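Here's the structure, in structure tokens; my notes come after.
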Amino acid sequence: MNPHNKSTEELKQIASQVRRDIVRMVHAVNSGHPGGSLGCTDYFVSLYFSVMNYSTDFTMDGKGEDLFFLSNGHISPVFYSTLARAGFFEVSELATFRKLNSRLQGHPATEEGLPGIRVASGSLGQGLSVAIGAALAKKLNNDPNLVYVLMGDGELDEGQVWEAIMFAPHNKVDNIIATVDLNGQQIDGSTEEVLSHGDLRKKFEAFGWHVLEADGNNFETLLPALAEAKAATGKGKPVLILMNTEMGFGVDFMMGSHKWHGVAPNDEQLQVALQQLAVEAASDY
């Protein structure tokens with residue numbers, strides 16, 4: 001049911017285009033979150049153009065298809081661009097990002113009826129719980145498809161996340177693939193300085209999760225990791241990918257700094273970024 005099955009080279013081209021969308025969207029309204037969006041672009045492109053089974057004929061219940069939930073909703077630019085490029089709505093609508101009466105709010109919401117969005121997100125710590133609920137619903141419906149959810153590493157500071165981390169293995173929610181974006185940065189600084197998480201692999205494994213690791217900015221290793229995660233489902237344990245990324249990936253002056261968590265590029269910086277994100281035939285909105 002996935003309308004896309006792209007080669008690695010095609011995925012790289014799409015990722016560059018999505019990154020162009022991101023920097024142009026936040027620049028246009030001088031607001032938004034480019035850093036995490038750029039870092040997670042390859043993950044989103046992998047899901048929607050290679051991995052997930054879904055229909056662009058969008059329904060809220062998503063029966064008979066894989067579901068994706070974005071927990072760290074502030075990285076909405078990458079989500080919106082990916083959905084548009086995958087065919088959920090017109091690419092031209094990206095130009096309305098964060099504007100009055102737009103369906104593309106700063107944090108995804110459902111009341112605007114934007115195709116591809118099944119839950120409002122941005123209040124950090126809630127996405128994993130929502131995804132687990134959806135996964136349990138699929139089990140009740142005898143729906144063999146999977147639920148994917150992305151969280152930020154700074155988001156693990158929230159207590160609700162750890163309640164969900166305990167709940168899923170206890171209830172053998174083995175049709176979920178959760179991913180933590182490990183870019184090591186959050187709004188106030190590095191995750192190590194703000195609140196160290198210690199050895200996340202050992203912690204998740206101690207709670208009963210099947211844990212994998214991946215480079216989130218390299219399709220050659222990310223795609224096999226997603227395939228391995230999918231193969232690990234249905235075996236009694238929830239699956240987690242610890243995904244290492246670099247904030248601002250693809251734009252050199254944004255990379256690796258928490259300062260670009262929620263700051264838009266100025267006119268000159270936008271042009272520099274677009275020069276670094278060249279694609280064969282740019283289809284900017």
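Given the structure is predicted, the values throughout are model-derived calculations rather than measurements.
In terms of modelled atom types and a separation under 3.5 Å, the side chain of Asp174 and the main chain of Gly236 share a donor-acceptor contact. Judged by distance alone, with hydrogens and angles left aside, the side-chain atoms of Glu228 form no donor-acceptor pair with the main-chain N or O of Leu212 at under 3.5 Å. Counting only distance, with no hydrogens or angles, the side chain of Glu65 and the backbone of Ser55 share a donor-acceptor pair below 3.5 Å. The backbone N or O of Ser283 lies less than 3.5 Å from a partner atom in the side chain of Gln17, making a donor-acceptor pair. A distance-only check finds no donor-acceptor pair linking the side chain of Arg98 to the backbone of Val29 [under 3.5 Å]. For Ser121 (side chain) and Leu70 (main-chain N/O), a donor-acceptor pair under 3.5 Å exists by modelled atom type. With hydrogens and angles ignored, the 3.5 Å screen pairs a side-chain donor or acceptor of Thr221 with a backbone N or O of Asn218.
Between Thr179 and Val149 there is no side-chain heavy-atom pair separated by less than 4.5 Å. Between Pro169 and Glu205, the closest side-chain pair of non-hydrogen atoms is not below 4.5 Å. The shortest side-chain heavy-atom distance between Ser50 and Lys6 does not fall under the 4.5 Å cut-off. The shortest side-chain heavy-atom distance between Ser46 and Leu226 falls under the 4.5 Å cut-off. For the pair Val161/Met151, a side-chain contact is recorded, criterion being any heavy-atom separation below 4.5 Å from C-beta on. Side chains of Asp153 and Asn183 form a contact here, defined as non-hydrogen atoms less than 4.5 Å apart. For the pair Met243/Cys40, a side-chain contact is recorded, criterion being any heavy-atom separation below 4.5 Å from C-beta on. At a threshold of 4.5 Å between non-hydrogen side-chain atoms, the residues Ile75 and Leu38 do not count as touching.
With a 6.0 Å radius and a threshold of 12 heavy atoms from other residues, nucleotides or ligands, Asp199 has its CG atom above the threshold. Counted within 6.0 Å of NZ on Lys259, heavy atoms from surrounding residues, nucleotides or ligands total 12 or fewer; the atom is thus considered open.
The shortest heavy-atom contact between Leu222 and Gly216 is CD2-O, 3.9 Å. Shortest non-hydrogen contact noted between Leu150 and Asn72 is O-OD1, 3.3 Å. Of all the heavy atoms in Val18 and Thr41, the pair that sits closest is CG1-CG2, 3.7 Å. Counting all heavy atoms, side chain and backbone alike, Val263 lies closest to Pro34 at O-CG, 3.0 Å. The two residues Pro77 and His74 come nearest to each other via the heavy atoms CD-O, 3.7 Å. Nearest heavy atoms, Ile132 versus Ala168: CD1-CB, 3.7 Å.
Test Phe49, Tyr148, Phe68, Tyr80 against Phe44 for ring pair (Phe, Tyr, Trp, His ring centres under 6.0 Å) and you get one pass: Phe68. Trp162 pairs in a ring pair (Phe, Tyr, Trp, His ring centres under 6.0 Å) with only one of the listed residues (Trp209, Phe207, Phe167), which is Phe207.
Under the 4.5 Å side-chain contact rule for hydrophobic residues, Val26 and Trp260 share a cluster. Under a hydrophobic clustering in which Ile, Leu, Val, Met, Phe, Trp and Tyr are joined whenever their side-chain heavy atoms come within less than 4.5 Å, directly or via other members, Leu146 and Phe69 fall into different clusters. At a threshold of 4.5 Å between side-chain heavy atoms, the hydrophobic network of Ile, Leu, Val, Met, Phe, Trp and Tyr places Leu67 and Phe89 in two separate groups. Under the 4.5 Å side-chain contact rule for hydrophobic residues, Met52 and Tyr43 share a cluster. No continuous path of ILVMFWY side-chain contacts below 4.5 Å connects Ile177 to Phe204, so the two sit in separate hydrophobic clusters.
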(message) Applying side-chain contact (heavy atoms from CB on, under 4.5 Å) to Met25 and Ser37, what does each step give before you reach the verdict?
(response) CA-CA 11 Å; Met25 289 163 69; Ser37 294; over 6 Å; no
(message) Using side-chain hydrogen bond (donor to acceptor under 3.5 Å, both in side chains), reason through Ser71 and Glu155 one step at a time and then give a plain yes or no.
(response) CA-CA 9 Å; Ser71 188; Glu155 185 176 0; 2.4 Å; yes
(request) Test salt bridge (Lys or Arg N to Asp or Glu O under 4.0 Å) on Glu220 and Lys12 and set out the steps. (result) CA-CA 10 Å; Glu220 281 77 8; Lys12 290 178 180 178; 3.1 Å; yes
(message) What verdict does the side-chain hydrogen bond (donor to acceptor under 3.5 Å, both in side chains) test give for Thr96 and Glu93, after you've listed the backbone C-alpha separation in whole Å, the side-chain angles of each residue and the deciding distance to 0.1 Å?
(response) CA-CA 6 Å; Thr96 71; Glu93 192 170 354; 4.7 Å; no
(message) ring pair (Phe, Tyr, Trp, His ring centres under 6.0 Å), that's the test. Do Tyr285 and Phe97 meet it? Break it down for me.
(response) CA-CA 12 Å; Tyr285 55 87; Phe97 174 66; 9.7 Å; no
(request) Begin from the C-alpha positions of His197 and Asp157 and carry the test side-chain hydrogen bond (donor to acceptor under 3.5 Å, both in side chains) through to its verdict. (result) CA-CA 8 Å; His197 298 133; Asp157 296 355; 2.8 Å; yes
(request) Before giving the answer on side-chain contact (heavy atoms from CB on, under 4.5 Å), spell out for Thr233 and Asn175 the whole-Å C-alpha distance, their side-chain angles and the decisive distance to 0.1 Å. (result) CA-CA 6 Å; Thr233 60; Asn175 56 338; 5.7 Å; no
(request) Determine, stepwise, if the pair Thr59 / Asp61 fulfils side-chain hydrogen bond (donor to acceptor under 3.5 Å, both in side chains). (result) CA-CA 6 Å; Thr59 62; Asp61 58 27; 3.2 Å; yes
(message) Applying side-chain contact (heavy atoms from CB on, under 4.5 Å) to Gln126 and Val119, what does each step give before you reach the verdict?
(response) CA-CA 10 Å; Gln126 299 178 5; Val119 65; over 6 Å; no
(message) side-chain contact (heavy atoms from CB on, under 4.5 Å) for Val180 and Ile241? Distances and angles first, verdict last.
(response) CA-CA 6 Å; Val180 176; Ile241 300 175; over 6 Å; no
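Note: Leu182 CG to Met247 CE = 12.0 Å, rounded to the nearest 0.5 Å. Separating the CG atom in Asp42 from the CG atom in Asn217 is a distance of 5.5 Å, to the nearest 0.5 Å. Atom CZ of residue Arg20 and atom CG of residue Leu277 lie 7.0 Å apart, to the nearest 0.5 angstrom. The CZ atom of Phe219 sits 8.0 Å away from the OG1 atom of Thr8 when rounded to the nearest 0.5 Å. Here the CD atom belonging to Gln105 is positioned 11.5 Å from the CD1 atom belonging to Ile117, to the nearest 0.5 angstrom. One distance of note links CG of Asp66 with NZ of Lys230; it measures 6.0 Å at 0.5 Å rounding.
In this model, a donor atom of one side chain and an acceptor atom of the other lie less than 3.5 Å apart for Ser7 and Glu10. Side-chain contact check for Ser129 and Gln160: at least one donor-acceptor pair (N or O, by modelled atom type) lies under 3.5 Å.
With Tyr48 as the aromatic partner, Arg85 does not meet the cation-pi criteria of under 6.0 angstrom to the ring centre and within 45 degrees of the ring axis.
Taking the six-membered ring for Trp and the full ring otherwise, Tyr54 and Phe88 have centroids separated by under 6.0 Å.
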